[in-house]
Amino acid sequence: MLDQIHWLAAVTVLGVLEQAYFFLQVIYARRLFGISPPKISGPPEFERIFRAQVNSSEYFPIFLALLWQAGLFFHQGLAAALGLLYLYARYCYFMGYKASSSERLAPMYFSSGVLWILIAVSALGILHFFLSYYVGLNVLQLLTA
């Protein structure tokens, strides 16, 4: 079983580490700009870092659910590769947003595209499972015949 999920687990750990890095960036920014919790407003530089972290945190559960569904029901390697692309895009998003709010757009659109691909792959994998398990229809066999 572990040989079927090790890549998913590795990408999950990388994602958690990325989220920790984003959290630390907010802590450093709070210290730099003298903004104590629970305040969330301050100079634009702080607010961009804070928003980048919050936005990334909001999407993280969606990413994890799709990563694991795609990996378990479709293909672990493809899901892990898409997961790495997503994490890279989120890092670029964070760094772009940190620099300027306009520099977040391209990585944001790219990471959204990767999520849509993960949705499609997950849906195809789950559909294939339901068709083969409940209906006895193996679509892959039909396609290769």
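We use all heavy atoms of the structure for the numbers below, so side chains are in, but hydrogens, waters and symmetry mates are not.
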Trainee: Answer with yes or no whether the hydrophobic clustering places Leu84 together with Phe60; edges join I, L, V, M, F, W, Y residues whose side-chain heavy atoms lie under 4.5 Å apart.
Mentor: yes
Trainee: Considering only distance and modelled atom types, tabulate donor-acceptor pairs under 3.5 Å from the side chains of residues 30-44, sequence neighbours left out.
Mentor:
from: Arg30; atom 1: NH1; to: Ile35; atom 2: O; distance (Å): 3.3
from: Arg30; atom 1: NH1; to: Lys39; atom 2: O; distance (Å): 2.7
from: Arg30; atom 1: NH2; to: Lys39; atom 2: O; distance (Å): 3.0

Trainee: Enumerate donor-acceptor pairs with a distance under 3.5 Å from any side-chain N or O in residues 10-19 to protein atoms, sequence neighbours excluded.
Mentor:
from: Thr12; atom 1: OG1; to: Leu8; atom 2: O; distance (Å): 2.8
from: Thr12; atom 1: OG1; to: Trp68; atom 2: NE1; distance (Å): 2.8
from: Gln19; atom 1: OE1; to: Ser57; atom 2: OG; distance (Å): 3.2

Trainee: Could you report the tightest heavy-atom contact between Leu78 and His75, atom names first, then the distance?
Mentor: N-ND1, 3.1 Å
Trainee: Sequence neighbours left out, cut at 3.5 Å: what donor-acceptor pairs do the side chains of residues 117-135 make with other protein atoms?
Mentor:
from: Ser122; atom 1: OG; to: Leu66; atom 2: O; distance (Å): 3.3
from: Ser122; atom 1: OG; to: Ala70; atom 2: N; distance (Å): 3.2
from: Ser122; atom 1: OG; to: Leu118; atom 2: O; distance (Å): 2.8
from: His128; atom 1: NE2; to: Asn138; atom 2: OD1; distance (Å): 3.3
from: Ser132; atom 1: OG; to: His128; atom 2: O; distance (Å): 3.0
from: Ser132; atom 1: OG; to: Phe129; atom 2: O; distance (Å): 3.2

Trainee: Among side-chain atoms of Tyr97 and Asn55, is any donor-acceptor pair under 3.5 angstrom?
Mentor: no
Trainee: Nearest 0.5 Å please: distance from the OG atom of Ser112 over to the OH atom of Tyr93.
Mentor: 9.5 Å
Trainee: Rounded to the nearest 0.5 Å, how far apart are CZ of Phe22 and CE of Met95?
Mentor: 8.5 Å
Trainee: Within this structure, what is the CZ-CG distance for the pair Phe63 and Leu115, rounded to the nearest 0.5 Å?
Mentor: 8.0 Å
Trainee: Is it the case that the side chain of Arg51 and the backbone of Arg48 share a donor-acceptor pair, with hydrogens and angles ignored and the cut-off at 3.5 Å?
Mentor: no
Trainee: Quick check: closest heavy atoms across Ser101 and Arg104, and the distance to 0.1 Å?
Mentor: O-NH1, 2.5 Å
Trainee: Kindly give the heavy-atom pair with the smallest separation between Ala89 and Ser111, and that separation in Å.
Mentor: CB-CB, 3.7 Å
Trainee: Give a yes or no on whether Leu24 and Tyr91 share a hydrophobic cluster (residues Ile, Leu, Val, Met, Phe, Trp, Tyr; joining criterion: side-chain heavy atoms under 4.5 Å apart).
Mentor: no
Trainee: Between Ile49 and Lys98, which heavy-atom pair has the shortest distance, and what is it?
Mentor: CG1-CG, 3.6 Å
Trainee: Give the minimum heavy-atom separation between Ala52 and Phe94, together with the two atoms involved.
Mentor: CB-CD1, 3.4 Å
Trainee: Between the main-chain N or O of Trp7 and the side-chain N or O of Gln76, is there a donor-acceptor pair closer than 3.5 Å?
Mentor: yes
